[in-house]
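Here's the structure we're looking at; comments come further down.
Quantities reported herein were computed from a predicted structural model and do not represent experimental measurements. All values below come from the heavy atoms of this structure, side chains included, with hydrogens, waters and symmetry mates left out. Naming convention: chains lettered A, B, ... in sequence-line order (proteins, then strands); numbering from 1 in each chain.
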Amino acid sequence: RLRRWQSRLRVSDAAERNLAFALSELDRITAQLKLPKHVEEEAARLYREAVRRGLIRGRSIESVIAACVYAACRLLKVPRTLDEISDISRVDKKEIGRSYRFIARNLNLTPKKLFVKPTDYVNKFADELGLSEKVRRKAVEILEEAYRKGLTSGKSPAGLVAAALYIASLLEGEKRTQREVAEVARVTEVTVRNRYKELVEKLGIKVPIA
Amino acid sequence: MVDTSKVKLRIENIVASVDLFAQLDLEKVIEICPNSKYNPEEFPGIICRFDDPKVALLIFSSGKLVVTGAKSVEDIERAVGKLVQMLKGIGVSFKRAPLIDIQNMVFSGDIGREFNLDTVALSLPNCEYEPEQFPGVIYRVKEPRAVILLFSSGKIVCSGAKSEHDAWEAVRKLLRELEKYGLLDEEEEEL
DNA sequence: GCTTTAAAAAGTAACGT
DNA sequence: ACGTTACTTTTTAAAGC
């Protein structure tokens, strides 16, 4: 009947409006974070799949879009912290984190697929700090040794990378302050200091008395 | 059989729902509860704390309760008995004996060895591990329904179980999975 | 979905000094 | 750079918004 036809039109209208809103929000985020096109496409793909599986129920479109952006970054190994995304999103970090974990569970995004090597974060943070290739290599060396010695489980990858870069910058004579590395890694100076202390102590690193 | 001889579990909290089978006038009840709080605008129940069985009670006008913070089922029974006596003192009558339902038990424990959580998360199916957000691996057991948080120290938290037996069963299932995927083989790892 | 309550694990954060 | 307090995660019921 005509009413059924109309309601179907209305439903598809609402779905289309929601999708248009979601994609414009996605555009805004990827543009502001200067994310590559393939990340935006992957996030859009994840979002459509989430909608298809009805995973949006009870969640805001914005939190799910932000979660999809974060998931796409992790899947494609484009290092980005959840903080950077929540900074430009209207929804808080906690809510984005929840949506992220929810879609990860339901779209079978395993920890393996989502794993981003600390090395990738080293390059991102080092770029922002203007650190040389020599410092980056040293930081990676420190992180690999820390991993071998079991010092990384359960710790914030961003905090570990920040501390490794801080130590490497001291060792290679390109010093950055704890405050500077903490800022690019989006962790507090206290976290950098705690990781720094443990790494220096347990890896037996002799830092210059700068 | 999985070796659980070195595994320890310790009860940390028990949550129970209780039906007293009586209607309560919370404005009168609050007068006889020393350490209590009642703001119907923010929460519909009275929040009351006992020192003897150290528990917290949420008291509702329907005569239903939620008792939390207990370390044993006996603590809950004693707390309910204590509240019933207090209510009898202000003339409340009960249609029958209180019905206590254990809803949730939380245990802390230790598996007795350390873990590389990256390795665990890579091979253990259906687990979550987001060290940027929480330091432990989250593992959900279907039957009995429970959730186990596993930390790199080997310490665990098991919540959602309705009995100590169920908690042990859930931990056994986690250990079987860890063993199945070679995660209990003497201290190895790589990436 | 939210509100309130308890509790542990280990990490990070935000105060004050 | 300390210390303290507080927040993250998980679970669970209650009555009402």
Side-chain angles (χ1 to χ4, degrees), chain A residues 57-60 63 82-83 92-95 97-98 101 152-160 162 178 182 185-198, chain B residues 9-20 24 26 36-50 53-71 75-76 79 100-111 117 128-141 144-162 166-167 170:
Chain A
R57 290 175 194 178
R59 261 160 280 266
S60 70
S63 76
L82 187 54
D83 273 61
D92 56 287
K93 182 181 165 183
K94 191 175 161 184
E95 194 52 45
R98 286 184 183 179
R101 269 170 276 147
T152 62
S153 254
K155 266 88 166 199
S156 149
L160 285 164
Q178 294 185 358
R186 306 301 299 260
V187 294
T188 64
E189 291 177 66
V190 178
T191 295
V192 174
R193 202 172 300 128
N194 288 340
R195 293 302 123 243
Y196 157 77
K197 277 194 220 162
E198 185 178 39
Chain B
L9 275 193
R10 202 166 76 100
I11 185 69
E12 296 292 352
N13 183 25
I14 300 179
V15 180
S17 58
V18 179
D19 194 342
L20 295 180
L24 303 176
L26 298 189
S36 53
K37 188 169 64 176
Y38 179 44
N39 297 307
E41 250 60 339
E42 65 178 70
F43 193 69
I46 289 178
I47 298 158
C48 178
R49 282 156 226 277
F50 282 175
K54 192 181 168 297
V55 298
L57 304 99
L58 304 182
I59 307 168
F60 301 89
S61 58
S62 60
K64 291 189 176 181
L65 320 170
V66 170
V67 183
T68 67
K71 299 280 191 199
D75 278 357
I76 292 175
I100 299 174
D101 271 314
I102 301 303
Q103 300 288 165
N104 179 28
M105 295 181 92
V106 181
F107 294 80
S108 62
D110 196 343
I111 287 182
L117 299 186
E128 296 176 51
Y129 178 50
E130 285 294 331
E132 207 69 79
Q133 295 168 59
F134 190 71
V137 162
I138 300 169
Y139 184 70
R140 288 160 203 281
V141 179
R145 191 180 152 136
V147 174
I148 297 170
L149 308 180
L150 171 66
F151 299 89
S152 63
S153 61
K155 298 276 186 62
I156 58 175
V157 168
C158 176
S159 59
K162 285 189 158 51
D166 281 358

Would you tell me if any nitrogen or oxygen in the side chain of [X] comes within less than 4.0 Å of OP1 or OP2 on [N]?
X: A:Arg193; N: D:dC2; result: no
X: A:Thr188; N: C:dA13; result: yes
X: A:Lys197; N: D:dA1; result: no
X: A:Arg101; N: D:dT9; result: yes
X: B:Lys54; N: C:dA7; result: yes
X: B:Arg10; N: C:dA8; result: no
X: B:Ser153; N: C:dA10; result: yes
X: B:Lys71; N: C:dA7; result: no
X: B:Arg145; N: D:dT12; result: yes

Reckon [X] touches a base, only the sugar-phosphate, or nothing at all at heavy-atom distances under 4.0 Å?
X: B:Ser61; value: nothing
X: A:Val187; value: sugar-phosphate
X: B:Gly45; value: nothing
X: A:Lys93; value: nothing
X: B:Val147; value: sugar-phosphate
X: A:Arg59; value: nothing

Ranking B:Leu58 and B:Glu132 by the position along DNA chain C of their nearest nucleotide, the one closer to 5' is B:Leu58

Residue pair A:Arg98/B:Phe134 against DNA chain C: nearer the 5' end by closest nucleotide is A:Arg98

Could you tell me how far apart [X] ([atom1]) and [N] ([atom2]) are, to the nearest whole angstrom?
X: B:Asn104; N: C:dT5; atom1: CG; atom2: C1'; value: 12 Å
X: B:Asn13; N: C:dA7; atom1: CG; atom2: P; value: 7 Å
X: B:Phe43; N: D:dA13; atom1: CZ; atom2: C1'; value: 9 Å
X: B:Ile156; N: C:dA10; atom1: CD1; atom2: P; value: 11 Å
X: B:Leu9; N: D:dT10; atom1: CG; atom2: P; value: 20 Å

(Q) Any side-chain to backbone donor/acceptor pair from B:Asn13 onto B:Gly69? Under 3.5 Å, distance only. (A) yes

Winner on side-chain proximity to B:Leu149, out of C:dA8, D:dT10, D:dA14, is D:dT10

Here the salt bridge (Lys or Arg N to Asp or Glu O under 4.0 Å) pairs for residues 59-71 of chain B, sequence neighbours left out, are B:Glu12-B:Lys71

With B:Val67 as partner, the option from B:Val55, B:Ile59, B:Asp75 fulfilling side chain to side chain contact (heavy atoms under 4.5 Å, CB included) is B:Val55

Next on the checklist: Please confirm whether the ring centroid of B:Tyr129 lies under 6.0 Å from the ring centroid of B:Tyr139.
Outcome noted: no

